[in-house]
There are 2 protein chains.
Amino acid sequence: MNIKEASEKTGVSSAAIRYYEKESLIPPIDRTEVGNRDIDARIIRRIKFVTQMRAAGMSIENLRRYIELFDAQEDNTKEQKALLQEQLAVMEEKRDDLQAAIDHLNYKLNHFYDHMQETEEELRELEKQHVAKVERENNEAD
Amino acid sequence: MNIKEASEKTGVSSAAIRYYEKESLIPPIDRTEVGNRDIDARIIRRIKFVTQMRAAGMSIENLRRYIELFDAQEDNTKEQKALLQEQLAVMEEKRDDLQAAIDHLNYKLNHFYDHMQETEEELRELEKQHVAKVERENNEAD
DNA sequence: ACTTGCCTTGAAGTACACATCAAGGTTTAA
DNA sequence: TTAAACCTTGATGTGTACTTCAAGGCAAGT
């Protein structure tokens, strides 16, 4: 499979695949006799793995660190586990933040046709208080 | 409250607060007589809101679009609702991707002390097959 | 023979989200 | 009154993660 087909199969651009190989996020890719990349299922899996982790917000740097350990022969399971747990914590926090924001949006959508939207009402109240305060200050300045 | 105190209170750098104001992610901040920013609880709330959404992966651009609608006086409810729904869909997808990755990592962690980690085993098996294939090819080339 | 369409590498360019710097102003404390 | 410690704006710099470009090679079709 050439790089274009791999790109279509994974949704990752050819340039990005080359970049991932250069950055060792995927293993060295076999070449045809003329030097073109010949991509197999193993590489496709690796590309998809990278995509998933990238979508989850893992940086290239951390991903490479992780994959290095992953691919290593020696079982440095402690480091590996620590790294996984670290990443897991980051991702869970991210998910919770997302969920909070989703809840917020859902609430707004559910109450959308109420005459005054309540979440906005809250902020508008603060806004009103603020405007009143500014006006008071202006009056004092007279 | 000056910008430094606000920075300490929110964990957002002074430069970032200025940037957020410039990009209209937070409302225009009042100034003291000499032109320094005078930050109140309302702004602090807004900064924290931005931080939360940013941590959840929303881009500055989308966040601004969202906040613009949020702050709008006119009730262009249809567009507003459409945009909220759009944003909601994006965020839910992101959350689901995250959850999938979290599940993946959790699985790995739960099976960490198994003699051979199963997910890795799978990849290592492919790796072995690959190496064997390369060796066969090398032998053929002799 | 030549166009089309794929590939290669290395270098340079780009978008985002700030961080840092330069040049200057104000307030406070010694 | 001079230094320290804030502040301002505008410009420029930075790191990340690619994308795009330049220059060329290979293989198939017309």
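Every heavy atom of this structure was used, including side-chain atoms; hydrogens, water molecules and symmetry mates were not. Since we're looking at a predicted model, the values are computed, not measured. Proteins get letters first, then strands, A, B, ... in listed order; numbering begins at 1 in each.
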Roughly how many Å is it from [atom1] in [X] to [atom2] in [N], rounded to a whole number?
X: A:K4; N: C:dT4; atom1: NZ; atom2: P; value: 15 Å
X: A:I60; N: D:dT16; atom1: CD1; atom2: P; value: 10 Å
X: B:N36; N: C:dG24; atom1: CG; atom2: C1'; value: 13 Å
X: B:Y19; N: D:dG10; atom1: OH; atom2: C1'; value: 15 Å
X: B:I3; N: C:dT20; atom1: CD1; atom2: P; value: 15 Å
X: B:N2; N: C:dG25; atom1: CG; atom2: C1'; value: 15 Å
X: A:K22; N: C:dA11; atom1: NZ; atom2: P; value: 8 Å

Evaluate the criterion side-chain contact (heavy atoms from CB on, under 4.5 Å) for residue pair B:E23 and B:E61; output intermediate values, then yes/no.
CA-CA 9 Å; B:E23 297 298 319; B:E61 171 93 18; over 6 Å; no
Under 4.0 Å from OP1 or OP2 of [N]: is there any side-chain N or O of [X] that close?
X: A:R31; N: D:dC26; value: no
X: A:S13; N: D:dT19; value: yes
X: B:Y20; N: C:dC18; value: yes

For [X], which contact category applies under a 4.0 Å heavy-atom criterion: base, sugar-phosphate, or nothing?
X: A:A15; result: base
X: A:S59; result: sugar-phosphate
X: A:R37; result: sugar-phosphate
X: B:T32; result: nothing
X: B:S14; result: nothing

Here's a test of your reading of the structure: between A:V34 and B:V34, which maps to the more 5' nucleotide of DNA chain D?
B:V34
Do A:T10 and A:I17 come close enough that some side-chain heavy atom pair is under 4.5 Å?
yes
Would you indicate whether the side-chain heavy atoms of A:I39 and A:I44 approach each other to under 4.5 Å?
yes
Run the salt bridge (Lys or Arg N to Asp or Glu O under 4.0 Å) check on B:E21 and B:R31 step by step: do they pass?
CA-CA 13 Å; B:E21 187 189 11; B:R31 304 312 177 99; 3.6 Å; yes
Checking side-chain contact (heavy atoms from CB on, under 4.5 Å) for the pair B:F49/B:I26: CA distance, chi angles, key distance, verdict?
CA-CA 9 Å; B:F49 175 70; B:I26 56 179; over 6 Å; no
Select from B:E61 and B:R18 the residue whose nearest nucleotide in DNA chain C is closer to the 5' end of that strand.
B:E61
